[in-house]
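A short worksheet on the structure shown next.
Residue numbering restarts at 1 for every chain, and letters A, B, ... go by the order of the sequence lines.
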Amino acid sequence: MFVHFLYSLRRNGVPVGAQEWLALHDALGKGLVDSTDSLYGLARAICVHTEAHYDSYDVAFVECFGGQDWIELKEALQQWLENPVPMDQLSPEAFQALTGMSLEELLQKFKETLEKQQERHDGGSRWVGTGGTSPWGNSGRNPQGIRVGGSGGGRSAVQVAGERRYRDFRTDVTIDVRQFKVALRALRHLGKEGREELALQPTIDRTCKDGGEIELVFEKERKNTVRLVLLMDSGGSMAPYARLVDRLFSAASEIGHWKSFDHYFFHNCPYNRVYSSIERLEAVQTAEVFTKHPAHAKVVFVGDACMAPWELTAVGGALSLWDRNSRSGLEWIRAFREHFKDIVWLNPEPERYWTHETITAIKREIPMFGLTVDGLEGAVRHLRRGSLAARRGA
Amino acid sequence: MSELPFDAFSGTASYIANDSLTRDVNAAIALQRPLLVKGEPGTGKTLLARAIAEALGMPLLTWQVKSTTKAQDGLYHYDVVQRLNDSRFGGGDVGSIRHYIKMGVLGRAFRSEERVVLLIDEVDKADLEFPNDLLHELDAMSFHIPELDETVSAVHRPIVIISSNAEKELPDAFLRRCVFHYITFPERELMERIVRVHYPDVTEGLLEAAILRFYEVRRIAGLRKKPSTSELIDWLFVLVSGGVPAEKVAAAVPFLGTLLKQEKDLDTAKQRISWS
């Protein structure tokens, strides 16, 4: 009966699965829901796992229950049930007789009973009302009953949901950043460095070999040794992809498992200088990038690689006049490739457009991947090859 | 195991919880699922577990998660070094591994003769895989000790409260098993009640002026760390013990450093706050 709510949640971007759904049914079966308010709160606690989805949840809730029969039914009932009549104690036999109905049966019967019922009802064993032993109503006594109504908090949950108080927590990009993060997380190489710690297994082995004479073995703890250098094109033709690049950047900087993480900006192509800010105001000599980062750093270029051919191949081809380059862009790209062993280029342009001549020229120098989750995974696999080879060699 | 009533928890004398929080706590207890509490630092996530334990009259076991914490640490620890030492230098019963197996917090919670509240504090501090490594243990409420070939199962299913500061994203599989509650920042009315619990004797005028100032400071744009409930309580303590009159709080913000801990925030605040 809530199935359309489930789909509404999913449509609004709340990733609800069967597990949440079963839990919600479990909760309903336990009689935890006794009002629209508690339905709102409980379903949210079970189905939503981050405050970023609270707003979407509110939207879905209003969508489903904003004018829904079942809730209206309950609201109407609430008035009857406002003043519950105290209830007689049930005998164990009577209590026993009331168990054994499944939730679906209960809900079905609840509806049927409501349809038959025309008036307020207190006590008794069949109708919806207060103080009775039928499975529904308020202040009643039924081991598997549905409680209806009860003390609300004044405002209905639909009203509260309608206010959309959690709008500020919305971060629609979160999912994408997380996907990027997951892909980037694979980019690690655990090396032994840092603090020394007791290595248990070698200690036991050595002690046994020494016939019980204790020999403590210390090893350095394992830490990620990957240094990442991200170079991003912030030129005009990249504007449509600014958000995408931003997400990649957020993901890379938030992971924080790098040994070092540096980022630079360039326009079209790296020339004599790259920039440390997106406005390209603070210049860094590209040669300095080579001295600052060791050859085993992983380098990721992000750019559409689309430019006029002379911008790539000509000396002085840089678009900015004050950036007059003494080596062509292509030469610089080759310099990057020669200095850094593990290097990839991520291109946000759809792959079918990769026939542009500057794209193909750059692709010949640096392996190119799409700026998508799949592309990033491929790029990470490529970058890992270097460290894997090094480990095999060692 | 005795069933708790659905409305077992309703806050304590010193812990004021709003309706939606108490409802989610009770739902988590009834559904026997861990309750994951998220919220700004200083909104009482850790205190919640203490309050639940107090309200239900159960002991509280806290597992303080750190960046180096491994899931295994919470289960048990096989003290090989001690055993090696004993076998070399004598002492202890080296013949039995059992003497060298020490239970972690989770292990103790499972073994406990009475039902306990288990707080896994700041779960996001640990490695990303940490919550996933605990999935089975929290689901089945049992774990296996290969050294003894024994399974430790919970005598009483503990009430599990997990707090997170949202420093890292938690894995989906883990989230799906939890009841989630985000502690929103208390609105003025609730905040007054919370503060009253801590300082019943504070004068009406001072309380009002302080809370007004507090929300003003929180509204300042560009703060790196907004002051939270715990900072307000500290601040009031300073104001009360310093004997600062209400008029002074209304005119300026004395002891601003109690509310804002970062130098940059202090500078920002000093520029923005209206000094009358």
Side-chain angles (χ1 to χ4, degrees), chain A residues 15-20 23-24 26-27 29-35 37-38 40-54 147 151 153 157 160 165-166 169 174-175 177-178 181-182 185 195 197-198 200-201 203-204 207-208 210-216 221 254-257, chain B residues 3-7 18-33 35-40 67-68 77-90 94 127-129 139 164 166-185 187:
Chain A
V16 191
Q19 200 159 11
E20 288 89 347
L24 187 57
D26 189 19
K30 288 197 160 127
L32 291 174
V33 171
D34 59 358
S35 68
D37 281 341
S38 61
Y40 169 80
L42 192 79
R44 190 178 71 181
I46 292 172
C47 298
V48 183
H49 307 301
T50 162
E51 69 279 12
H53 289 149
Y54 271 7
R147 267 212 296 173
S151 57
V160 175
R165 287 187 294 168
Y166 300 98
F169 293 124
T174 318
I175 297 165
V177 173
R178 179 170 165 88
K181 274 192 202 167
V182 170
R185 206 167 288 134
R195 271 186 314 134
E197 53 182 19
L198 180 69
L200 214 48
Q201 203 52 50
T203 299
I204 296 170
T207 305
C208 290
D210 283 4
E213 199 67 42
I214 291 177
E215 178 80 37
L216 296 173
E221 59 182 350
E254 277 170 24
I255 281 190
H257 78 182
Chain B
E3 282 287 325
L4 289 164
F6 291 146
D7 49 358
N18 66 14
D19 291 347
S20 97
L21 178 58
T22 52
R23 191 185 52 220
D24 289 349
V25 169
N26 289 320
I29 295 172
L31 292 172
Q32 306 195 333
R33 285 173 176 242
L35 176 70
L36 173 66
V37 215
K38 237 162 112 177
E40 274 182 49
S67 61
T68 51
H77 172 65
Y78 172 29
D79 196 347
V80 188
V81 178
Q82 182 67 51
R83 189 159 175 237
L84 275 176
N85 185 72
D86 287 356
S87 70
R88 174 67 183 78
F89 301 108
V94 194
D127 189 71
L128 284 150
E129 292 309 318
D139 249 4
S164 163
E167 277 179 21
K168 285 195 194 97
E169 295 237 11
L170 297 169
D172 280 344
F174 177 77
L175 290 173
R176 283 190 191 285
R177 284 169 170 81
C178 297
V179 171
F180 172 74
H181 185 88
Y182 182 84
I183 300 191
T184 41
F185 198 80
E187 284 169 31

(message) Tell me every residue that passes side chain to side chain contact (heavy atoms under 4.5 Å, CB included) with B:Gln82, counting only those two or more places apart in sequence or in another chain.
(response)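 Testing B:Gln82 for side chain to side chain contact (heavy atoms under 4.5 Å, CB included), a comparison that skips the adjacent residues, returns B:Asp79, B:Asn85, B:Asp86, B:Tyr100.
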(message) A:Thr50: which residues meet the side chain to side chain contact (heavy atoms under 4.5 Å, CB included) condition with it, sequence neighbours left out?
(response) A:Ala52, A:His53, B:Lys38
(request) State whether the side chain of B:Arg83 and the backbone N or O of B:Val94 hold a donor-acceptor pair below 3.5 Å, judged by distance alone. (result)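 Pair found, side chain donor or acceptor close to backbone of B:Val94.
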(message) Is A:Leu42 close to chain B through its backbone or its side chain, or both, or neither, when contacts mean heavy atoms under 4.5 Å?
(response)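 Answer is both: backbone and side chain atoms of A:Leu42 are under 4.5 Å from chain B.
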(request) Heavy-atom distances under 4.5 Å only: say whether B:Val80 touches chain A with side chain, backbone, both or neither. (result)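 Side chain only.
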(message) Shorter than 4.5 Å, heavy atoms on both sides: which option in A:Glu20, A:His49, A:Gln19 has the most such pairs with chain B?
(response)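 If we count pairs closer than 4.5 Å to chain B, A:His49 comes out on top.
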(request) For the pair B:Val37 and B:Val25, evaluate side chain to side chain contact (heavy atoms under 4.5 Å, CB included) and give the outcome as yes or no after the intermediate values. (result) CA-CA 10 Å; B:Val37 215; B:Val25 169; over 6 Å; no
